[in-house]
Structures are given as structure tokens and as C-alpha cells.
Amino acid sequence: MIIKNPSEVAVILELLSQAYPQAHCELNFTTPFELLVATVLSAQSTDQRVNKVTARLFAQHRTPAEFLRLSQADLEAEIQEIGLFRSKAKNILAACRALREEFGGAVPRTLPELMSLPGVGRKTAKVVLSNAFGIPALAVDTHVFRVANRLGLAQSTRVEETERQLEAVIPREQWIQTHHRLIWHGRRRCGARKPACEGCTLQAHCEYFCLEHRPK
DNA sequence: AACTCGGGGCA
DNA sequence: TGCCCAGAGTT
């Protein structure tokens, strides 16, 4: 197991905070419900495309009750420029019915309750918990998974285990910020295909960089 | 844990 | 055409 020790983890977290001091959720929302919808829409899409769609959508529909005035065909038309729009429209309306019938129209604040909603998996549920309610949660998506493993904050081929390792090694009060910084790093520099290692301030602490640049 | 689903954008 | 995009659900 090559997971880094607490002192080196602290150094990495500090370097990340210096590199991405402003890292934050880039989905636009004003209520927990809006974030829930935006996050469901963002799966296999980009926040830029999602924001474009939700700007129009949320101007007219802001609550489960208001969404339920839309037919599935209406909603599909509204979100058509986002991928997977058919299943997303169906899931969002089903989630709105569940919110109305099981949670009094409010977005629940626990992981199992959120995950019981159609179209809401572990990652989406954690994004809502952390960004809408400020409840510490570390969601592992493709960026977090890749970057955390490259940096040696985790060492696993499985998402669940990566999540446990990150939660063990990162102080709880830093989960939310760190989550955003790992994603920003993954998107802006440490991409899947060709990471821009040149000029990266994390080189000295990166297992991936060491592996690729080790003298043969 | 592996597999399936599934759509727009961009090279 | 092939690959990516801040996954979810089923087996």
C-alpha cells in the first residue's frame, strides 16, 4: 500500500489549495432542489451545457411542484441539448413525485434518502449533501478517482475503496474543498489522456509523474 | 465487480 | 468515426 502518510498528505492538500484557491462547484443553483436537478443533468455532460439549460429551466420551474406541471415530453424538449435527456427527464419527474410524496416536497439531508431518488446515485447524493447543505462528503467521480490515485492519496482500482481511503487520509473539515480542488486539477491540468505535468506544482509528490519520468 | 445504457460535441 | 463528458441501475 503506497498511500502517503499524514504529513505528506498535508503538504499535497496545501499545494492543491495554492494551485486552486477558488475551486468551487461550477453548477449554477440557488436552492438544494435546483442543485439536485442540475447534478442529475450533469452526468456524462459538462457543467457549461447544464448551466445553459438550467438558466432557462429554473426561470420557470423552481420546485418539485412546478416541475410536475411539465409532461415528460416538455421536459425532454427543455433539456434536449444535454446527453441522455430521455432518461434524465424521466428520472427528474419521478424524483419530483418522490420528493412530494415521501419528503413533503423538501430535499432530504441523508445519503440513503437522497440515493433512494430515481437517477440519484452515490456521487450525485454526495454533491447535494456537501454543496447544498454543507454536510462533509467526499464524492469520487472519474476526476477524483484518477487524480487521487496519481497523487498517491489513494491506491485502488475501485471507486468505493478509493472513497474510503480518501476519507481516512483527509481531515473531514477539508473534504468539500479538497473534492473541488481534485476535480479542478483533473479538469484543468491532470486530464485522463495527456496530463500537463510540465509546470505542475505537485510533480514532486505525484506517483504518476515519478513513474513516467523515472530514469530507465 | 462487471456490464449495460446512451446522446451531444468535438478532433 | 472514435472518444470524452463532475454516472446510474441491473445482474
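The shown structure was predicted, so the numbers you read here are calculated from the model rather than taken from an experiment. These numbers come from the heavy atoms of this one structure, side chains and all, not from hydrogens, waters or symmetry mates. Numbered from 1 within each chain, the chains take letters A, B, ... in sequence-line order.
- For A:Ser45, the side-chain contact (heavy atoms from CB on, under 4.5 Å) criterion is met by A:Arg49, A:Val50, A:Ile82, A:Lys88, not counting sequence neighbours.
- Every residue two or more places apart in sequence or in another chain was checked for a salt bridge (charged side-chain N to carboxylate O under 4.0 Å, His left out) with A:Arg86, and none qualifies.
- Straight-line distance from the CD atom of A:Glu161 to the P atom of B:dA2: 13 Å, rounded to whole Å.
- Heavy-atom distances under 4.0 Å link DNA chain C to no residue of residues 125-139 of chain A.
- Of the residues near DNA chain C, A:Lys123 and A:Gly191, the one whose nearest nucleotide (by heavy atom distance) lies more toward the 5' end is A:Gly191.
- A search for salt bridge (charged side-chain N to carboxylate O under 4.0 Å, His left out) contacts involving A:Lys4 returns A:Glu207, not counting sequence neighbours.
- Between C:dA8 and A:Thr124, a contact under 4.0 Å exists linking OP1 or OP2 to a side-chain N or O.
- Rounded to the nearest Å, the gap between the C1' atom of B:dC5 and that of C:dC5 is 15 Å.
- Going from atom CG of A:Leu182 over to atom P of C:dA6 covers 15 Å, rounded to whole Å.
- Going from the C1' atom of C:dC3 to that of B:dG6 covers 14 Å, rounded to whole Å.
- The CD1-C1' distance, from A:Ile92 to C:dA8, rounds to 13 Å in whole Å.
- Applying the salt bridge (charged side-chain N to carboxylate O under 4.0 Å, His left out) test to every pair with at least one member in residues 8-21 of chain A, sequence neighbours left out, gives no pairs at all.
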Under 3.5 Å, which donor-acceptor pairs do the side chains of residues 117-124 of chain A form with other protein atoms, sequence neighbours left out?
| unit_1 | atom_1 | unit_2 | atom_2 | d |
| --- | --- | --- | --- | --- |
| A:Arg122 | NE | A:Glu163 | OE1 | 3.1 |
| A:Arg122 | NE | A:Glu163 | OE2 | 3.1 |
| A:Arg122 | NH2 | A:Glu163 | OE2 | 2.8 |

Donor-acceptor pairs under 3.5 angstrom involving side-chain atoms of residues 91-105 of chain A: please list them, not counting sequence neighbours.
| unit_1 | atom_1 | unit_2 | atom_2 | d |
| --- | --- | --- | --- | --- |
| A:Asn91 | ND2 | A:Ser87 | O | 3.3 |

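- Annotation: B:dA11 and C:dA6 have their P atoms spaced 15 Å apart (nearest Å).
- Among C:dG7, C:dC5, C:dC4, the nucleotide with an atom closest to any side-chain atom of A:Asp141 is C:dG7.
- If you check every strand for non-hydrogen atoms under 4.0 Å, A:Thr142 touches sugar and phosphate atoms only.
- No engagement by A:Ser87 is indicated, since no non-hydrogen atom pair under 4.0 Å with the nucleic acid exists.
- Counting non-hydrogen atoms of neighbouring residues, nucleotides and ligands closer than 6.0 angstrom, the CD atom of A:Gln22 reaches no more than 12 such neighbours.
- In this structure, CG of A:Asn28 is placed 14 Å from C1' of C:dA6, rounded to the nearest angstrom.
- Distance CZ (A:Arg188) to P (C:dC5): 14 Å, rounded to an integer number of Å.
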Sub-3.5 Å pairs of nitrogen or oxygen atoms, protein against nucleotides 7-11 of chain B:
| unit_1 | atom_1 | unit_2 | atom_2 | d |
| --- | --- | --- | --- | --- |
| B:dG7 | OP1 | A:Arg86 | NE | 3.1 |
| B:dG7 | OP1 | A:Arg86 | NH2 | 3.0 |
| B:dG7 | O4' | A:Leu84 | N | 2.9 |
| B:dG7 | N2 | A:Gln44 | O | 2.7 |

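- With rounding to whole Å, A:Lys90 atom NZ is found 12 Å from B:dC5 atom C1'.
- Within the nucleic acid shown, A:Arg158 comes within 4.0 Å of sugar-phosphate atoms alone, with no base atom in reach, counting heavy atoms only.
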Taking distance alone, no hydrogens or angles, what donor-acceptor pairs closer than 3.5 Å link side-chain atoms of residues 183-191 of chain A to residues at least two apart or in another chain?
| unit_1 | atom_1 | unit_2 | atom_2 | d |
| --- | --- | --- | --- | --- |
| A:Trp184 | NE1 | A:His24 | O | 3.1 |
| A:His185 | ND1 | A:Tyr20 | OH | 2.7 |
| A:Arg187 | NH1 | A:Glu26 | OE1 | 3.2 |
| A:Arg187 | NH1 | A:Asp47 | OD2 | 3.0 |
| A:Arg187 | NH2 | A:Asp47 | OD1 | 3.4 |
| A:Arg188 | NH2 | A:Glu26 | OE2 | 3.4 |
| A:Arg189 | NH1 | A:Ala196 | O | 2.6 |
| A:Arg189 | NH1 | A:Glu198 | O | 2.9 |

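- Put simply, the side chain of A:Asn28 never gets that close to the backbone of A:Asn51: no donor and acceptor are under 3.5 Å apart.
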For nucleotides 9-11 of chain C, list the nitrogen or oxygen atoms of the protein found under 3.5 Å from its nitrogen or oxygen atoms, one pair per line.
| unit_1 | atom_1 | unit_2 | atom_2 | d |
| --- | --- | --- | --- | --- |
| C:dG9 | OP1 | A:Gly119 | N | 2.6 |

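- Atom NE2 in A:His185 sits roughly 15 Å away from atom P in C:dA6 (whole-Å rounding).
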Just distance, no hydrogens or angles: give the donor-acceptor pairs under 3.5 Å from side chains in residues 167-176 of chain A, sequence neighbours left out.
| unit_1 | atom_1 | unit_2 | atom_2 | d |
| --- | --- | --- | --- | --- |
| A:Glu167 | OE2 | A:Lys126 | NZ | 3.0 |
| A:Trp175 | NE1 | A:Ile170 | O | 2.8 |

Original post:
side-chain contact (heavy atoms from CB on, under 4.5 Å) between A:Phe58 and A:Val37: does it pass, once the steps are laid out?
Top reply: CA-CA 10 Å; A:Phe58 294 160; A:Val37 172; 4.0 Å; yes
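- What separates NZ of A:Lys88 from P of C:dC5 is a distance of 14 Å, to the nearest Å.
- Under the salt bridge (charged side-chain N to carboxylate O under 4.0 Å, His left out) criterion, A:Lys52 pairs with A:Glu81, sequence neighbours left out.
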